[in-house]
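What follows is one structure encoded as structure tokens, with my remarks underneath.
Computed from a predicted model, the values in this text were never measured in an experiment.
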Amino acid sequence: MDATLDTAALRDPALRPIGEKVRLGQRLDHADGLALYATDDLLGLGHLADVANRRVNGDRVFFSANQHLNPTNVCILRATCTFCSFARTPKEEGAYTRSLEEVYAEAEQARGAPTTEFHIVGGLHPRLRLAYYTDMLRGLKERHPTVHIKALTAVEIAHLARIEKISEREVLQALKEAGLTSLPGGGAEVFSTAVRATIAERKLTGEEWIRVHRTAHELGIPTNCTMLYGHVETADDRLQHLEMLRTLQDETGGFLTYIPLAYHPDHNELGEELGRVGTATTGFEDLKNIAIGRLFLDNVPHVKTHWPMVTPALSQIALSFGCDDVEGTVVFERVYHEAGARTDMAMGYPELVALIRDAGRRPVERNSLYESVRDVFDDPPPAPARTRSRALPVVHAA
Ligand code: V47
């Protein structure tokens, strides 16, 4: 299929003027975004996003052989980030903090597996200092020199700057010297002050999140960006959020991929308050957010679907709704499984390749910088499957 726009595919007349802008490569404005959120013509919206995506990425769909590491779930924002099921207070049941040796032991799974990226995030621990993280990055680089390290959200960077009494720039510089490749996009949630007051009262503000990412981009550290949708936010809040991301990207060009994150309501205060426990976002909503992200963020090169959160089946369909990037092998996902996700904790490399191929697309294994590592279309992947398990690995209490 090529990237030609078919106006007949747009059932909702409100999509036609937007389709014309997409055809001409013109930027969508706030009113266009509201019309996209209001439409029930999901297939028409998906067609527009598919055209926009294929124009840049063609048939290619990127994926990574990655491993998530979560060194601690202890977080000083435990009481106020009401949407989060991962965080614990230091003495709470299930709280853990890994020693560096324990982190290295978990990362050993990367040896002999085709891992190209460690994705490292955790809580805002009151006592873990910058040196813990710089030592961790150096230790991982020594043991796995070719693996890229995508580590620490903007919120963790700002927290480290605060407890070290140094600037965010200095924290980022120290991490870069220790081996950091890029920053993940977490902690953004929704930038609206009113929404943050409800779901993440004491977290970094939207402007502060943007400031950390701007500083990272200035230092040559590329980053990802996210939006947490499906809780108390309005379409207007979502669009303001996307506009702030788009404005920073115009300025720096430092965002690599955008990942819409679907709110999961289990085992957190917000889910109980909203009466939503056991009821995550719908497939319609998930595909809409993927497609609108692709259309609105016309300057961000990739849009990623996080399969542990929306299921591999929906991620596969998302490839026809503007998405060109699939979360990787993961080994082991904790943030969403604590919040009720029922997907596997990891995906085998061959299964990931099959998911993309069966959607009629060309799987390209990438590293953290989106450089092609293996074009799997021409080069069949290694046969052995990676660990697939629903069980959390053993952790040690803090
Ligand atoms: O910042 C926390 C979200 C994020 C819940 O950059 C929740 O490649 C839904 O950012 N329901 C962390 N979401 C995950 C993240 C991420 C994931 C995959 C890839 C990348 C990347 C980044 O998860 C948090 C928060 O926005 N989150 N709790 C919940 N109950």
Side-chain angles (χ1 to χ4, degrees), residues 1-57 188-192 194-195 206 225-250 255 257-263 279-305 310 314-325 359:
M1 200 213 231
D2 63 20
T4 311
L5 198 138
D6 176 10
T7 316
L10 309 177
R11 177 175 53 76
D12 179 357
L15 294 186
R16 296 200 187 123
I18 300 174
E20 188 54 13
K21 282 189 172 180
V22 172
R23 193 178 68 76
L24 297 170
Q26 290 174 354
R27 177 158 281 192
L28 304 189
D29 61 23
H30 197 90
D32 297 326
L34 288 175
L36 294 178
Y37 272 119
T39 192
D40 65 358
D41 182 4
L42 185 64
L43 294 181
L45 169 60
H47 174 59
L48 295 181
D50 191 45
V51 167
N53 170 41
R54 283 175 189 271
R55 207 176 266 159
V56 180
N57 294 302
E189 322 318 353
V190 170
F191 293 146
S192 143
V195 172
C225 53
T226 60
M227 178 176 77
L228 180 69
Y229 65 90
H231 41 93
V232 300
E233 84 292 356
T234 62
D236 208 52
D237 294 326
R238 292 176 185 175
L239 289 163
Q240 277 177 21
H241 183 96
L242 294 176
E243 277 162 5
M244 282 173 74
L245 296 177
R246 191 167 71 177
T247 301
L248 180 63
Q249 182 72 344
D250 275 344
F255 287 132
T257 192
Y258 164 68
I259 312 133
L261 297 171
Y263 169 59
T279 315
T281 52
T282 62
F284 200 89
E285 185 78 342
D286 295 331
L287 291 172
K288 229 181 191 192
N289 274 286
I290 286 271
I292 295 174
R294 176 59 293 158
L295 289 166
F296 215 75
L297 296 176
D298 54 10
N299 51 3
V300 176
H302 306 285
V303 173
K304 177 155 80 175
T305 172
V310 292
L314 192 125
S315 284
Q316 189 182 41
I317 298 168
L319 303 183
S320 299
F321 283 75
C323 189
D324 71 294
D325 188 10

Self-check item: Minimum heavy-atom distance between Tyr229 and Val310, given as atom pair plus value
Solution: OH-CG1, 4.3 Å
Practice problem: Return the set of residues passing salt bridge (Lys or Arg N to Asp or Glu O under 4.0 Å) with Glu20 (not counting sequence neighbours), or none when no residue passes. | Solution: Arg23
Practice problem: Give a yes or no on whether the backbone of Phe191 and the side-chain of Asp237 come within a donor-acceptor separation of less than 3.5 Å. | Solution: no
Self-check item: Pairwise distance CG(Asp298) to CZ(Arg55) - rounded to 0.5 angstrom
Solution: 11.0 Å
Self-check item: side-chain hydrogen bond (donor to acceptor under 3.5 Å, both in side chains) partner of His302, chosen from Asp325, Asp324, Asn53
Solution: Asp324
Practice problem: Quick one: pull up CZ in Phe296 and CG in Leu28 and give me the separation to the nearest 0.5 Å. | Solution: 6.5 Å
Practice problem: Using modelled atom types only, decide if a donor and an acceptor are shared between the side chain of Asn299 and the backbone of Arg246 within a distance under 3.5 Å. | Solution: yes
Quiz item: Do side-chain atoms of Arg294 reach the backbone of Leu297 as a donor and acceptor pair under 3.5 angstrom?
Solution: yes
Exercise. List for me each residue that meets side-chain contact (heavy atoms from CB on, under 4.5 Å) alongside Ser320, sequence neighbours excluded, and say none if there are none.
Key: none
Quiz item: Distance from Asp41 atom CG to Leu10 atom CG, nearest 0.5 Å?
Solution: 6.5 Å
Quiz item: Side chains of Leu45 and Ile18: closer than 4.5 Å at any heavy-atom pair?
Solution: no
Quiz item: To the nearest 0.5 Å, what is the distance between CE (Met244) and CG (Leu239)?
Solution: 13.5 Å
Quiz item: Quick one: CD1 on Ile290 to OG1 on Thr305, what's the gap to the nearest 0.5 Å?
Solution: 4.5 Å
Quiz item: Can any side-chain N or O of Thr226 pair as donor or acceptor with the backbone N or O of Ile259 at less than 3.5 Å?
Solution: no
Quiz item: Do any N or O atoms from the side chain of Thr39 and from the backbone of Ala35 form a donor-acceptor pair under 3.5 angstrom?
Solution: no
Self-check item: Basic-acidic side-chain contact under 4.0 Å: Asp250, Arg27
Solution: yes
Self-check item: Spacing of Arg54 atom CZ and Asp50 atom CG [to the nearest 0.5 Å]
Solution: 4.5 Å
Quiz prompt | Exam field: side chain Lys288 to backbone Tyr37, donor-acceptor pair closer than 3.5 Å | solution = yes
Exercise. Check for a donor-acceptor pair, side chain of His47 on one end and backbone N or O of Asp6 on the other, with a separation under 3.5 Å.
Key: yes
Quiz item: How far apart are the closest heavy atoms of Ala262 and Thr281, and which atoms are they?
Solution: CB-OG1, 3.3 Å
Quiz item: Between the side chain of Arg11 and the main-chain N/O of Asp40, is any donor-acceptor distance below 3.5 Å?
Solution: yes
Quiz prompt | Step-by-step side-chain contact (heavy atoms from CB on, under 4.5 Å) determination, Val195 to His241 | solution = CA-CA 11 Å; Val195 172; His241 183 96; over 6 Å; no
Quiz item: Under 3.5 Å, is there a donor-acceptor pair between the side chain of Glu233 and the main chain of Arg238?
Solution: no
Self-check item: Which atom of Ala359 lies closest to which atom of Leu319, heavy atoms considered
Solution: CB-CD1, 4.0 Å
